[in-house]
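This structure is a prediction, so every number in the text was calculated from the model and none was measured. Residue numbers run from 1 in the order of the sequence given.
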Amino acid sequence: MRNTFVYRTEKPIVKLLQITDPHLFKDEKNELLGVNTQASFAQVLKEIQQDNTEFDVILATGDLVQDSSDEGYQRFVKMVKPFGLPVFWIPGNHDFQPKMVENLNQPPMEKAKHILLGEHWQVLLLDSQVYGVPHGELSQHQLGLLKTTLEQYPERYTLIVFHHHLVPTNSAWLDQHNLRNSHDLFDVLAPFKNVKAILYGHIHQQVDSRWQDYQVMATPSTCIQFKADSQYFALDETQPGWREIELHSDGTIVTNVKRIRQAIFLPNMQEEGY
């Protein structure tokens, strides 16, 4: 059985903060396509804290570190610690899981991939990484865990979280790196009527859409952004951001994407890939 984290609250609304794709490096001065990822991540966290929104938990949805470095993961932990909140994480295609397990095994990081939030909601965090390639897939093991947990808590409204994207971005270069077995996911989800939404990162852009009648949310990276509706690799000058999610006791979801306003990070627009 998967490790379950029980978050006890009687509040009618549970608030989640999603941060995704920071791509930190061993060297704080390193840049990804012209953006210093350490500086952009720090700016995102600074402006979140200045908003004074009271979140309950943080979801870190992959590509935390670009170069598999211990230092990158350790710095991630240090930077999110001031929030004083439990931080749940999943791997992205750029992450090295042995280093994640080793370095994220400390407060405020939580290893649980199943969260019971108050009396009405649960969050299931799935591993969609296929090691060594950019695209994603949910293994039979992950799908089995999903099915078992949904069967165990059928009365709870459910948010599913993984790294790779479901809904096409209309960008051919990016859509080849999607979740390859979405049909298998749908087969598992279909019998369970309280699954409300799916949340991911990976595509470095905002998406608020629907897939098979589920609410689908994708969130900007805390560093570079990929241009939407672009046949070939292209960067965007929109700024780093994050997503705030409210889970209401009646099963509704209210969500908002915010971006930094107090600084500007511009990528090298001449880059042709990474």
Colleague: Using only atom types and a distance under 3.5 Å, with no angle test, would you say the side chain of N36 pairs donor to acceptor with the backbone of A39?
Modeller: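 Side chain of N36 to backbone of A39: a pair is present.
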
Colleague: Above 12 or not: heavy atoms from other molecules or residues under 6.0 Å from NZ of K147?
Modeller: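 Result for NZ/K147: open.
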
Colleague: Tell me if the CD atom of E119 is crowded by more than 12 foreign heavy atoms within 6.0 Å.
Modeller: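 Counting other residues, nucleotides and ligands, CD of E119 stays at 12 neighbours or fewer.
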
Colleague: Donor-acceptor pair, T219 side chain versus G201 backbone, under 3.5 Å?
Modeller: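 No: the side chain of T219 does not pair with the backbone of G201.
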
Colleague: What distance separates L17 CG from D51 CG, expressed to the nearest 0.5 Å?
Modeller: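 L17 atom CG to D51 atom CG measures 10.0 Å (nearest 0.5 Å).
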
Colleague: Just by distance, no angles: are the side chains of T169 and D175 close enough, under 3.5 Å, to form a donor-acceptor pair?
Modeller: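 A pair is found: one side chain offers a donor N or O, the other an acceptor, under 3.5 Å apart.
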
Colleague: Indicate, with yes or no, if F233 and L32 share a hydrophobic cluster defined by side-chain heavy-atom contacts under 4.5 Å among Ile, Leu, Val, Met, Phe, Trp and Tyr.
Modeller: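 As far as the 4.5 Å side-chain criterion goes, F233 and L32 are connected within one cluster.
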
Colleague: Taking side chain as C-beta onward, heavy atoms only, is V77 less than 4.5 Å from P108?
Modeller: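 Yes, close enough: below the 4.5 Å cut-off.
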
Colleague: How would you list all residue pairs meeting side-chain hydrogen bond (donor to acceptor under 3.5 Å, both in side chains) that involve residues 223-233, not counting sequence neighbours?
Modeller: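 Only N170-D229 qualify under side-chain hydrogen bond (donor to acceptor under 3.5 Å, both in side chains).
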
Colleague: Report yes if the side chains of V80 and I19 come closer than 4.5 Å at any heavy-atom pair, otherwise no.
Modeller: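 With C-beta onward as the side chain, the pair touches.
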
Colleague: How long is the span from the CD1 atom in I58 to the CG atom in L45, to the nearest 0.5 Å?
Modeller: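 Rounded to the nearest 0.5 Å, the CD1-CG separation comes to 8.0 Å.
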
Colleague: Of all the heavy-atom pairs spanning A263 and F265, show the shortest one and how long it is.
Modeller: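 Of all heavy-atom pairs spanning A263 and F265, the closest is CB-CE1, 4.0 Å.
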
Colleague: Using the side-chain contact (heavy atoms from CB on, under 4.5 Å) rule, take D70 and K99 through it: C-alpha gap first, then chi angles, then the decisive distance, then the call.
Modeller: CA-CA 6 Å; D70 292 306; K99 292 292 188 181; 3.0 Å; yes

Colleague: Is W242 linked to M79 within one hydrophobic cluster, defined over Ile, Leu, Val, Met, Phe, Trp and Tyr using a side-chain heavy-atom separation of less than 4.5 Å?
Modeller: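 Linked, W242 and M79 end up in one cluster.
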
Colleague: Tell me if the centroids of the rings in F226 and W173 come within less than 6.0 Å of each other.
Modeller: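 Yes: the rings meet the under 6.0 Å criterion.
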
Colleague: Report yes if the side chains of L125 and I115 come closer than 4.5 Å at any heavy-atom pair, otherwise no.
Modeller: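 L125 vs I115: side chains touch.
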
Colleague: side-chain hydrogen bond (donor to acceptor under 3.5 Å, both in side chains) between Q176 and H135: does it pass, once the steps are laid out?
Modeller: CA-CA 7 Å; Q176 65 183 320; H135 69 258; over 6 Å; no

Colleague: I'd like to know if the side chain of E47 reaches the main chain of Q262, judged simply by a donor and an acceptor atom lying under 3.5 Å from each other, with no hydrogens or angles considered.
Modeller: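 Judged by distance alone, yes, a pair lies under 3.5 Å.
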
Colleague: Is Q239 reaching over with its side chain to a backbone N or O of I260, donor-acceptor style, under 3.5 angstrom?
Modeller: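 Side chain of Q239 to backbone of I260, a donor-acceptor pair under 3.5 Å: no, none is there.
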
Colleague: Hey, are the side chains of L166 and L185 touching, using non-hydrogen atoms and a 4.5 Å cut-off?
Modeller: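 Touching, per the 4.5 Å side-chain cut-off.
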
Colleague: Mind checking whether L159 and L16 have side chains closer than 4.5 Å, heavy atoms only?
Modeller: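 SC-SC contact between L159 and L16 confirmed.
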
Colleague: Does V216 share a hydrophobic cluster with L124, counting links as ILVMFWY side-chain heavy atoms below 4.5 Å and allowing steps through other members?
Modeller: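 Yes, V216 connects to L124 through the hydrophobic network.
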
Colleague: Between F83 and F55, does the ring centre distance come in under 6.0 Å?
Modeller: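 Judged by ring-centre distance (under 6.0 Å), F83 and F55 do not meet the cut-off.
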
Colleague: How far does CD of E137 sit from CG of N181, to the nearest 0.5 angstrom?
Modeller: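 Answer rounded to 0.5 Å: 4.5 Å.
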
Colleague: Begin from the C-alpha positions of E31 and N268 and carry the test side-chain hydrogen bond (donor to acceptor under 3.5 Å, both in side chains) through to its verdict.
Modeller: CA-CA 10 Å; E31 296 182 346; N268 180 355; over 6 Å; no

Colleague: Check S209 against V167 and note the closest heavy-atom contact, atom names and distance.
Modeller: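 Minimum heavy-atom contact is OG-CG1, 4.1 Å.
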
Colleague: Would you name the heavy atoms of C223 and P22 that are closest together and state the gap between them?
Modeller: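 Reported closest heavy-atom pair: SG-O, 3.9 Å.
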
Colleague: To check you understand the geometry: which heavy-atom pair defines the closest contact between V130 and G136, and what is its length?
Modeller: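 That would be CG2-C, 3.9 Å.
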
Colleague: Minimum heavy-atom separation for A218 and R243, please, with both atom names.
Modeller: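 Heavy-atom minimum between the residues: O-NH2, 2.7 Å.
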
Colleague: Taking atom CG of L179 and atom CH2 of W211, what is their separation to the nearest 0.5 Å?
Modeller: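 It comes to 8.0 Å.
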
Colleague: Set out, in order, the CA-CA distance, both residues' side-chain angles and the distance that settles side-chain contact (heavy atoms from CB on, under 4.5 Å) for Q215 and K196, then state yes or no.
Modeller: CA-CA 6 Å; Q215 182 175 349; K196 294 297 182 180; over 6 Å; no

Colleague: Check for a donor-acceptor pair, side chain of K46 on one end and backbone N or O of F41 on the other, with a separation under 3.5 Å.
Modeller: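 Checking the backbone N and O of F41 against the side chain of K46, no donor-acceptor pair under 3.5 Å is found.
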
Colleague: State whether E71 and R75 are salt-bridged, where the test is any N-O pair (Lys NZ or Arg NE/NH1/NH2 against Asp/Glu carboxylate O) under 4.0 Å.
Modeller: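 Looking at R75 together with E71, the answer is no, because their closest N to O distance does not fall below 4.0 Å.
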
Colleague: Indicate yes or no for a side-chain donor-acceptor contact from H120 to the backbone of P12 under 3.5 Å, with no hydrogens or angles considered.
Modeller: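 No, the answer is negative, given that no donor and acceptor are paired below the 3.5 Å cut-off.
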
Colleague: What's the spacing between I245 CD1 and I253 CD1 if we round to 0.5 Å?
Modeller: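 Those atoms lie 7.0 Å apart.
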
Colleague: Got a donor-acceptor contact below 3.5 angstrom from the Q129 side chain to the D95 backbone?
Modeller: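 Yes, the answer is positive, given that a donor and an acceptor are paired below the 3.5 Å cut-off.
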
Colleague: Between F192 and E151, what is the shortest heavy-atom contact and its length?
Modeller: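 What the structure gives for the nearest pair is CZ-CG, 3.6 Å.
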
Colleague: Mark yes when over 12 heavy atoms from residues, nucleotides or ligands other than E10 sit less than 6.0 Å from its CD; otherwise mark no.
Modeller: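 No, CD of E10 has 12 or fewer neighbouring heavy atoms, counting only those of other groups under 6.0 Å.
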
Colleague: Go through it in stages, so that I can follow the logic: the residues are N256 and E244, the test is side-chain hydrogen bond (donor to acceptor under 3.5 Å, both in side chains), and I'd like the CA-CA distance, side-chain angles, deciding distance and then a yes or no.
Modeller: CA-CA 5 Å; N256 186 31; E244 301 177 359; 5.2 Å; no

Colleague: Kindly check if the number of other-residue, nucleotide or ligand heavy atoms within 6.0 Å of CG (N105) is above 12?
Modeller: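 No, the 6.0 Å shell around CG holds no more than 12 heavy atoms from other groups.
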
Colleague: Determine whether the aromatic ring centres of H177 and H202 lie less than 6.0 Å apart.
Modeller: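 They do not qualify: ring centres at least 6.0 Å apart.
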
Colleague: Are any of the side-chain heavy atoms of L146 and F162 separated by less than 4.5 Å?
Modeller: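 Result no, sub-4.5 Å side-chain heavy-atom pair not found.
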
Colleague: Taking atom CD of E272 as the centre, report whether more than 12 heavy atoms of other residues, nucleotides or ligands fall under 6.0 Å from it.
Modeller: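 No, because the 6.0 Å sphere around CD of E272 holds 12 heavy atoms or fewer from other groups.
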
Colleague: Side chains of Y200 and S128, heavy atoms from C-beta outward: is any pair under 4.5 Å?
Modeller: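 A side-chain contact under 4.5 Å is absent here.
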
Colleague: Does F96 have its ring centroid less than 6.0 Å away from the ring centroid of Y73?
Modeller: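 No, ring centres 6.0 Å or more apart.
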
Colleague: Can you find a side-chain donor-acceptor pair between D127 and Q97 that sits under 3.5 Å?
Modeller: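 Per modelled atom types, D127 and Q97 side chains form a pair under 3.5 Å.
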
Colleague: If only atom types and distance count, is the side chain of R259 paired as donor or acceptor with the main-chain N or O of P240 below 3.5 Å?
Modeller: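 Flag not set: sc R259 to bb P240 has no pair under 3.5 Å.
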
Colleague: How about NE2 on H141, more than 12 heavy atoms from neighbouring residues, nucleotides or ligands closer than 6.0 Å, or not?
Modeller: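 12 or below, so no.
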
Colleague: Just one of K15, R8, K11 clears the salt bridge (Lys or Arg N to Asp or Glu O under 4.0 Å) bar with D56, so which one?
Modeller: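 One option only clears the test, and that one is K11.
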
Colleague: Give the intermediate values and the outcome of side-chain contact (heavy atoms from CB on, under 4.5 Å) for residues T158 and L189.
Modeller: CA-CA 10 Å; T158 303; L189 297 182; over 6 Å; no

Colleague: Is it the case that the side chain of T37 and the backbone of H23 share a donor-acceptor pair, with hydrogens and angles ignored and the cut-off at 3.5 Å?
Modeller: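 A pair under 3.5 Å: yes.
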
Colleague: Which distance, rounded to the nearest 0.5 Å, do you find between the CD1 of I13 and the NE2 of H248?
Modeller: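 Nearest 0.5 Å value for the CD1-NE2 distance: 4.0 Å.
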
Colleague: Checking side chain to side chain contact (heavy atoms under 4.5 Å, CB included) between K111 and each of L104, V101, N3, which is the one that passes?
Modeller: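 Answer after filtering L104, V101, N3: N3.
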
Colleague: Hey, does H164 have a side-chain heavy atom less than 4.5 Å from the side chain of R180?
Modeller: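 With C-beta onward as the side chain, the pair stays apart.
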
Colleague: Taking the side chain from D63 and the backbone from N93, do they hold a donor-acceptor pair closer than 3.5 Å?
Modeller: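 Yes, D63 side chain to N93 backbone: donor-acceptor pair under 3.5 Å.
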
Colleague: The test is side-chain contact (heavy atoms from CB on, under 4.5 Å); show your working for D184 and L138 and say whether it passes.
Modeller: CA-CA 8 Å; D184 292 330; L138 293 171; over 6 Å; no

